[in-house]
Amino acid sequence: MSSSTVPSTSPAPRTRRPAGEVVLGVDTHRDVHVAAVLSASGVVLATDEFPATAAGYRDLLKRVKKWGTVRRAGVEGTGSYGASLSRYLLAQGVDVFDVNRMDRADRRRRGKSDPLDAQNAARAVLSGRARARAKSGDGPVQIARMYKLTKVSAVKARTQAINQLKAVLVTADPVLREELAGLGNAELFRTCAQFTDARGHEDAGAESVVQATRITLGLLAQRIGRLSEEIRNVEARLTPARGRARPAAARRGGDRPGHGRRSADHGGGQPGTPG
């Protein structure tokens, strides 16, 4: 990690002396992060960039330790670009604090500077402004969160498919509507799923609106069936994961993966969907 000071012109080599405790600050991006090392008194000791890879994380910590003992780090975006780095630092015994990015108006006024952002991240830790500790993201709470994310997206997609199927029925041919009238959702979807090939009754080369409507209903019903199966599969994984996550969340004083469970699991209000 390069020093922020101007190199000495003296030919005699200088031995770097550990500065006691140092604080790390990191400005995170998708592929490359920028790090700054500050002394406990706020002096900038070094700034450098490193790849957002496992090898890059190891090399960063190795170089930072040459400046002193690192117990604290301020990282921007611990829930996004800085998530993997945060997990690594936490596993190495470094307390990681989530640092908010600089106000956009302030950034425009002062200009974008990754090294300065990294230094500010470290200063936020030194001053105590950064108080939110980064989550480890590698335990039962994170596992439950991943399954919940998958289920929520599948529920939303299924609800959309159901609404589309119902909308197609509204404008369908009266004979087709009467054929499907009175069916509950589960039976309706099973019946429509058979409408995958309505050919054979029309003149060769001529596709009627009724035929296209039946095929559309069949494709939508099949999509609903696949999503329902996906939801059942992920729910089978999510239920035990929630059970393991609750004690862990309680020990951390919150961050319950089941919080808001009803709104998430029943998001979009699927009208009587099966499964």
Side-chain angles (χ1 to χ4, degrees), residues 1-138 142 252:
M1 178 169 284
S2 60
S3 172
S4 61
T5 58
V6 178
S8 171
T9 57
S10 172
R14 295 188 300 174
T15 303
R16 180 186 298 166
R17 295 181 179 180
E21 181 182 359
V22 296
V23 176
L24 173 65
V26 184
D27 178 40
T28 59
H29 301 275
R30 186 185 67 179
D31 300 316
V32 177
H33 300 334
V34 177
V37 182
L38 272 64
S39 69
S41 60
V43 176
V44 179
L45 302 175
T47 59
D48 205 351
E49 64 179 31
F50 61 98
T53 63
Y57 301 157
R58 291 192 297 269
D59 187 49
L60 166 69
L61 193 56
K62 180 179 178 180
R63 286 187 283 171
V64 171
K65 286 181 176 179
K66 292 180 179 179
W67 289 99
T69 302
V70 54
R71 299 189 179 92
R72 296 175 294 169
V75 178
E76 289 188 353
T78 60
S80 55
Y81 288 146
S84 295
L85 173 62
S86 297
R87 286 195 295 268
Y88 174 76
L89 292 175
L90 287 168
Q92 300 304 310
V94 179
D95 290 334
V96 180
F97 296 85
D98 185 38
V99 178
N100 294 328
R101 295 189 183 276
M102 191 186 306
D103 179 77
R104 289 184 178 181
D106 193 26
R107 289 169 70 90
R108 286 194 296 268
R109 183 169 58 253
R110 298 172 56 182
K112 169 63 177 167
S113 170
D114 293 341
L116 182 59
D117 288 348
Q119 294 169 23
N120 287 337
R123 295 189 191 283
V125 174
L126 282 171
S127 66
R129 288 187 290 107
R131 298 180 180 179
R133 293 180 179 270
K135 301 177 178 64
S136 63
D138 61 355
Q142 183 66 9
R252 283 164 41 179

Would you indicate whether the side-chain heavy atoms of [Y] and [X] approach each other to under 4.5 Å?
| X | Y | result |
| --- | --- | --- |
| Thr78 | Arg133 | no |
| Phe50 | Arg63 | yes |
| Val70 | Lys65 | yes |
| Lys66 | Val22 | no |

When you compare the side chains of His29 and Asp27, does any donor N or O come within less than 3.5 Å of an acceptor on the partner?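 Note: His29 and Asp27 side chains meet the donor-acceptor criterion.
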Specify the closest pair of heavy atoms between [X] and [Y], including all atoms of both residues, with the distance to one decimal.
| X | Y | value |
| --- | --- | --- |
| Val99 | Ala130 | CG2-CB, 4.0 Å |
| Ala35 | Leu60 | CB-CD1, 3.6 Å |
| Ala122 | Leu24 | CB-C, 4.0 Å |
| Ala36 | Thr47 | CB-CG2, 3.8 Å |
| Val75 | Ser86 | CG1-OG, 4.0 Å |
| Asn100 | Glu76 | O-OE2, 4.4 Å |

Stepwise side-chain contact (heavy atoms from CB on, under 4.5 Å) test for Val96 and Arg87: CA-CA 9 Å; Val96 180; Arg87 286 195 295 268; over 6 Å; no
Tyr88, OH: over 12 other non-hydrogen atoms inside 6.0 angstrom: yes
Nearest 0.5 angstrom please: [X] [atom1] to [Y] [atom2], how far?
| X | Y | atom1 | atom2 | value |
| --- | --- | --- | --- | --- |
| Glu21 | Thr69 | CD | OG1 | 7.5 Å |
| His33 | Tyr57 | NE2 | OH | 4.0 Å |
| Leu85 | Thr53 | CG | OG1 | 10.5 Å |

